[in-house]
Amino acid sequence: MITTLLVANRGEIACRIFRTCRALGIATVAVYSDADADALHVREADTAVRLPGAAPSATYLRGDLVVAAALAAGADAVHPGYGFLSENAGFAAAVQDAGLVWVGPPVKAIELMASKTRAKELMAAAGVPLLAPVDPAAARTEDLPLLLKAAAGGGGRGMRIVRELVDLKDELTAAAAEALSAFGDGEVFAEPYVERGRHVEVQIMADEHDGVWALGTRDCSLQRRHQKVIEEAPAPGLGDELRDRLHAAAVAAARAVGYRGAGTVEFLLTDDGRPYFLEMNTRLQVEHPVTEAVFGLDLVALQLRTAEGEPLPAAAPPHPAGHAVEARLYAEDPARDWQPQTGALLSLDVPEEPGIRLDTGYTGGDTIGVHYDPMLAKVIAHAPTRTEAVRLLARALERARIHGPVTNRDLLVRSLRHPDFMAARLDTGFYERHLQALTPAPDEAGGQLAATAAALADAARKSTALADPAHNNNNTTAATALADAARKTTATATAAALADAARNNNNTATAAALADAARNTTAVGVARFGAWRNLPSQPQLRRYRGEPDGREYEITYRITRDGPAVDTQGVRVVAARPDRVTLESAGVTRHFTVSRHGDRVYVDTATGSYTFTALPRFTDPAERTEPGSLLAPMPGTVVRLAEGLAAGAAVEAGQPLIWLEAMKMEHRILAPATGTLTALHAAPGLQVEVGALLAVVTEPPDHDPEASEETA
């Protein structure tokens, strides 16, 4: 019997496993790197053990340190989660050699499936259909396009699509380097790339008593960079015959390797419905919640029970009910080549409604670092039908309050509401075709209203601050300032009373009463924005820059007898507080929730959210960047430079110059123009912060033949 479980992982999956452990009465142990010292999974565990360092290679990928941590903490079992060491046969063996229970498949099964090349050979022998591999050294034009894949990994890392033979060598090098960095194994293989194929998988669950369940299908076709973004169960549009074939193939794969525990068999469906084996993941999948929702199961609980030697609860799995859809919320900017984002996550609030589930490794106040995957959370919706589940998930995401770095939330909402997705026309090329339409420039009219709400909330916040000094009952300066403000009010008697109270500011009760009186000095709305005069007030100006699009907004407003009014035609201020503004525009009343953190202002509405940076009235001309500068788009590590790159080299526009690794992905820094590399500040191994100057490309001056002749 398992009494104490160490989770050899971090973030969302560690928190999710801990949730089941609490329900089963199992004590929990977390491991953490220095970068994760205050992470949510550490806070939620009963005990935690530090793994010194920050890089995965020095911490979560060090099996010896993880086993030592389990023994030190008194754990009697280890769950690997997904990623990191979850499919590492050597780690599984080390756990068992240490006398600990391994919550995963047998070591032999992991070994057989760890290499995708060996797995394909095994599946072919078992009669499972698969795509024939292609020898990269012998590849011909008719073999294109090719998909390069890391033999030892998944999650899209080490994968490249090759459409031109001239690119094959460089892409092989890049794929091998990424695979080595992510999995410690640089082996890469090639297979035909199926255009507009569907990614469909079967969840399996097996025990050591020859019981194997095929728990339906999942569609995971919506992917970016070969990583899944939206998943659903069951996979829509599959006929009974095809679904039965997939189930039978998955069960055959499990039996062929003597499988135990949770696993997934993945298939690629061509546009004419032919299935081909892709790989078998010998672990729990990120998208497992959609299967749990449809079948009413806890797959982690089943993993723990089968690891303890128990059989599956029945010979056949329960009957599925309804439809479930999952969206992965990433800290990334889809409009800028999916660039990962870092920084403080100020709030992460998803509506708690029936049918909505949130799996996350973050809460508001946490920091998104550079060392790990940028996934913040998974939001899952379950409903009786696919239409209802999709609609429920889109609405929950739309209403979520997510403040901090840029996320893919808007992309997810638009994806779920895209006609092709709603009609279940799914394939892995979805984002290649639709990304531009799914990442439009923000609506200018909506941004103008949101910026107006930000300006009014900021003005209200500034005005209400006048009352706050009164609470500091020993602060004579505050009392004097408030007395001066009181003298400027239109109600003479009230002004005199406030001034007298201010002079007695050494009394706490008087100070509190003074603050309350100050808030109620004049008519509702006027007190919040200061006093009014019997003369037209001067317009107040506030400027904001929309993020991440960079559009600037100028908002002017006035304080009138009836409260604040904006100069925008057709817009009426209904109410304005520091945290909530109500505006009427074209006869429609809209509510805006406003939060400010430093110079960042977040405005949430019923149909979307806006982020602004408050700008000074006048810009600083010194804040300029030299033309042609290549700046680091995110914190990370320079992993390599273009061959022969040095100051003075000639470069072509769009040429990859620098490769930056951040959040376990490689990002190329391209030459912005054709010209000369006049400065190079990057070198392999260099750690850089966002905005760091990496290089400068100088364009040649325009050549004027007539000017040359005159000079001659």
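Quick note: residue numbers are just sequence positions, from 1.
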Review point. Roughly how far, to the nearest 0.5 Å, is the CD atom of Glu87 from the CD atom of Glu111?
Key: 13.0 Å

Review point. Could you state the interatomic distance from CG (Asp427) to CD (Gln223), rounded to the nearest 0.5 Å?
Key: 10.0 Å

Heavy-atom closest contact ([X] atom, [Y] atom, distance):
| X | Y | result |
| --- | --- | --- |
| Arg160 | Ala174 | NH2-CB, 3.6 Å |
| Leu100 | Ala75 | CD2-O, 3.2 Å |
| Val42 | Ala48 | CG1-CB, 3.9 Å |
| Gly83 | Asn9 | O-ND2, 4.0 Å |
| Ala250 | Phe267 | N-CZ, 4.2 Å |
| Pro136 | Ala190 | CG-CB, 4.0 Å |

Is a side-chain N or O of [X] found less than 3.5 angstrom from the main chain of [Y], in a donor-acceptor match?
| X | Y | value |
| --- | --- | --- |
| Thr217 | Ala235 | yes |
| Asp34 | Pro52 | no |
| Glu292 | Leu299 | yes |
| His41 | Val31 | yes |
| Asp298 | Val300 | yes |
| Asn408 | Arg328 | yes |
| Lys378 | Val286 | yes |
| His79 | Gly81 | yes |
| Thr407 | Arg409 | yes |
| Thr360 | Leu376 | yes |

Side chains of [X] and [Y], donor plus acceptor under 3.5 Å:
| X | Y | answer |
| --- | --- | --- |
| Thr306 | Asp207 | no |
| Glu661 | His667 | no |
| Thr28 | Asp46 | yes |
| Glu266 | Gln285 | yes |
| Gln341 | Asp333 | no |
| Tyr362 | Thr367 | no |

Check your understanding: Do Ile230 and Asp219 pass the side-chain contact (heavy atoms from CB on, under 4.5 Å) test, and can you show the C-alpha distance, the side-chain angles, and the key distance before you say yes or no?
Key -> CA-CA 9 Å; Ile230 296 177; Asp219 189 289; over 6 Å; no

Review point. Within 45° of the six-membered ring axis of Phe430 and under 6.0 Å from that ring's centre, is NZ or CZ of Arg224 located there?
Key: no

Point to revise | Test: Arg218 cationic atom under 6.0 Å from Phe295 six-membered ring centre, within 45° of axis | key: no

Point to revise | Option among Ile161, Val134, Val162 that satisfies the side chain to side chain contact (heavy atoms under 4.5 Å, CB included) test with Leu148 | key: Val162

Exercise for review: Can you sort out the partners of Tyr60 under ring-ring contact (aromatic ring centres under 6.0 Å, His included), two or more places apart, ordered by chain and number?
Suggested key: Phe84, Tyr372

Review point. Between Ser33 and His371, is a side-chain contact (heavy atoms from CB on, under 4.5 Å) present by the stated rule, with each step listed?
Key: CA-CA 10 Å; Ser33 68; His371 299 287; over 6 Å; no

Practice item. Show the numbers, then the answer: is there a ring pair (Phe, Tyr, Trp, His ring centres under 6.0 Å) between Phe91 and Trp102? Key: CA-CA 10 Å; Phe91 176 60; Trp102 168 249; 5.7 Å; yes

Check your understanding: Who pairs with Arg243 by salt bridge (charged side-chain N to carboxylate O under 4.0 Å, His left out), at least two apart in sequence or on another chain?
Key -> Asp240

Check your understanding: Among all residues two or more places apart in sequence or in another chain, which pass the salt bridge (charged side-chain N to carboxylate O under 4.0 Å, His left out) test with Arg274?
Key -> Asp272

Exercise for review: I would like to know whether Leu278 and Glu191 meet side-chain contact (heavy atoms from CB on, under 4.5 Å); could you show each step before the answer?
Suggested key: CA-CA 10 Å; Leu278 281 178; Glu191 65 184 18; 3.8 Å; yes

**Study point:** Worked check of side-chain contact (heavy atoms from CB on, under 4.5 Å) between Leu24 and Ile2
**Key:** CA-CA 10 Å; Leu24 297 179; Ile2 296 173; over 6 Å; no

Check your understanding: Under 4.0 Å between a Lys/Arg side-chain N and an Asp/Glu carboxylate O for Arg255 and Asp210?
Key -> yes

